[in-house]
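Okay, structure first, notes after.
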Amino acid sequence: MFEIGSYVAYRSEGVCVISDIRAETFGAPNNSELYYILTPVRHTQSTLFVPVKNENLTSQMRALLSADEINQMAAEIRGQKLSLPAESRARNNLFKEILSRGDRAELAVLALSLSEKIDEILARGKKPGTTETNAFHRATKMLYEEFEITTNISSAEQIVEFLKGNVTLGEKA
């Protein structure tokens, strides 16, 4: 069980702080249930209610990784490349699926693959498509939001350089 004040990564919502754990009654007046009350770090006006007993939803709440764990994950995914479907609708659906799961390793592979694809397109003097550009920015933003809490990463732009092995990552001072 998570504690009040803990930071968690929650699905595509990004990093949230557990602001409370309390009983709530939604629907039936005599049916109270215990909820994690999550406040997204980037959208403090939002509140998410996650039933403590709902294993499907609570399994999507992940403790933030330490700098060592992030370095290990990055080492494991380096060299992996996402196979991008040729058809744009299929690519868009793939991007949406990966982004909605919020899995760090998948997001990292997506960011690296799209960075390479965007660089190739720019090298040919063309403009990358909005689907790829938007997915790339969302993936790097999601990774940055989590990594900035525990590490010395200071911008979303550093994420790809770190994942490529060009920037060293350490614990936040």
Side-chain angles (χ1 to χ4, degrees), residues 1-21 36-50 52 55-84 94-120 122 128 130-173:
M1 187 162 175
F2 294 100
E3 296 179 8
I4 295 172
S6 299
Y7 286 94
V8 294
Y10 184 61
R11 302 185 338 177
S12 64
E13 300 297 331
V15 176
C16 298
V17 64
I18 299 174
S19 54
D20 200 1
I21 302 170
Y36 289 111
I37 313 302
L38 306 181
T39 304
V41 172
R42 296 283 183 225
H43 304 284
T44 56
Q45 71 279 8
S46 298
T47 303
L48 305 169
F49 295 82
V50 180
V52 171
E55 290 182 30
N56 182 42
L57 294 177
T58 57
S59 69
Q60 296 176 51
M61 291 172 54
R62 301 175 314 273
L64 300 187
L65 297 175
S66 68
D68 288 341
E69 291 168 322
I70 294 169
N71 280 314
Q72 181 180 352
M73 184 259 323
E76 290 171 2
I77 62 97
R78 276 193 192 108
Q80 291 183 24
K81 188 174 178 182
L82 192 61
S83 178
L84 300 175
L94 175 65
F95 300 157
K96 282 181 181 179
E97 287 173 22
I98 292 171
L99 292 166
S100 70
R101 281 193 295 268
D103 179 88
R104 303 150 174 132
E106 282 186 310
L107 290 169
V109 171
L110 176 63
L112 281 173
S113 299
L114 289 177
S115 173
E116 185 177 303
K117 176 85 172 162
I118 289 168
D119 288 348
E120 288 172 7
L122 290 171
T130 57
T131 300
E132 287 77 12
T133 303
N134 289 343
F136 170 75
H137 288 299
R138 276 208 56 212
T140 55
K141 181 180 178 224
M142 288 171 71
L143 291 169
Y144 172 67
E145 284 180 2
E146 180 171 351
F147 294 1
E148 77 168 322
I149 301 285
T150 57
T151 72
N152 63 346
I153 290 283
S154 61
S155 71
E157 291 75 28
Q158 283 185 321
I159 295 293
V160 173
E161 292 306 310
F162 160 70
L163 293 172
K164 288 179 181 177
N166 298 334
V167 172
T168 305
L169 181 130
E171 294 287 339
K172 194 165 208 160

Is the shortest side-chain heavy-atom distance between Ser6 and Val17 below 4.5 Å?
no

Would you say Leu48 and Pro40 make side-chain contact, with heavy atoms under 4.5 Å?
yes

Does Arg101 pair with Glu106 as a salt bridge, N-O distance under 4.0 Å?
yes

Heavy atoms only: give me the nearest Ala108-Met73 pair and the separation to one decimal.
CB-SD, 4.1 Å

Does Tyr7 have more than 12 heavy atoms from other residues, nucleotides or ligands lying within 6.0 Å of its OH?
no

Decide yes or no for Gln72 and Glu76: does some side-chain heavy atom of the first lie under 4.5 Å from some side-chain heavy atom of the second?
yes

May I have the step-by-step check of side chain to side chain contact (heavy atoms under 4.5 Å, CB included) for Ile21 and Ile37, ending in yes or no?
CA-CA 6 Å; Ile21 302 170; Ile37 313 302; over 6 Å; no

Glu69 side-chain N/O to Ser66 backbone N/O, donor-acceptor pair under 3.5 Å:
yes

Taking the side chain as everything from C-beta on, heavy atoms only, tell me whether Val8 gets closer than 4.5 Å to Leu64.
no

Could I get the full list of ring pair (Phe, Tyr, Trp, His ring centres under 6.0 Å) partners for Phe49, not counting sequence neighbours?
Phe26

Rounded to the nearest 0.5 Å, what separation is found between the CZ atom of Phe136 and the CZ atom of Phe95?
12.0 Å

Is there a side-chain contact between Leu112 and Leu82 in this structure, where contact means two heavy atoms from C-beta onward sitting under 4.5 Å apart?
no

Is any side-chain heavy atom of Val109 closer than 4.5 Å to one of Lys81?
no

Could you tell me the separation between the CD atom of Glu120 and the OG atom of Ser115, rounded to the nearest 0.5 Å?
10.0 Å

Can you measure from CG (Leu110) to CG (Asp103) and round to the nearest 0.5 angstrom?
11.0 Å

Measure the spacing between CG of Asp20 and CD1 of Ile4 and express it to the nearest 0.5 Å.
4.5 Å

Is there a side-chain contact between Lys172 and Thr151 in this structure, where contact means two heavy atoms from C-beta onward sitting under 4.5 Å apart?
no

Check for a donor-acceptor pair, side chain of Asn71 on one end and backbone N or O of Ala67 on the other, with a separation under 3.5 Å.
yes

Test log, rule side chain to side chain donor-acceptor pair (under 3.5 Å), inputs Thr39 and Thr44:
CA-CA 6 Å; Thr39 304; Thr44 56; over 6 Å; no

Nearest 0.5 Å please: distance from the CD1 atom of Ile18 over to the OH atom of Tyr10.
11.5 Å

If you apply the rule side chain to side chain contact (heavy atoms under 4.5 Å, CB included), what do you find for Glu157 with Tyr144, and how did you get there?
CA-CA 9 Å; Glu157 291 75 28; Tyr144 172 67; over 6 Å; no

Minimal non-hydrogen separation, Phe2 against Tyr36, with atom names:
N-OH, 3.2 Å

Only pairs at least two apart or in different chains count here, so list each salt bridge (charged side-chain N to carboxylate O under 4.0 Å, His left out) that has a residue in residues 135-154.
Arg42-Glu145, Arg42-Glu148, Arg104-Glu146, Lys141-Glu145

Could you walk me through whether Leu99 and Lys96 pass the side chain to side chain contact (heavy atoms under 4.5 Å, CB included) test, one step at a time?
CA-CA 5 Å; Leu99 292 166; Lys96 282 181 181 179; 5.9 Å; no

Asn152 side chain to Gly170 main-chain N or O, any donor-acceptor pair under 3.5 Å?
yes

Looking at Leu65, is its backbone amide N or carbonyl O close enough to the side chain of Thr150 to form a donor-acceptor pair, meaning the two atoms are under 3.5 Å apart?
yes

Say you draw a straight line from CG of Leu84 to CG of Leu114; how long is it, rounded to the nearest 0.5 Å?
6.0 Å

For Lys164, I'd like to know if atom NZ has over 12 heavy atoms of other residues, nucleotides or ligands within 6.0 Å.
yes

Given 3.5 Å as the limit, does a donor-acceptor pair link the side chain of Glu132 with the main chain of Pro128, or not?
no

Given side chains that start at C-beta, do those of Leu143 and Leu163 come closer than 4.5 Å, heavy atoms only?
yes

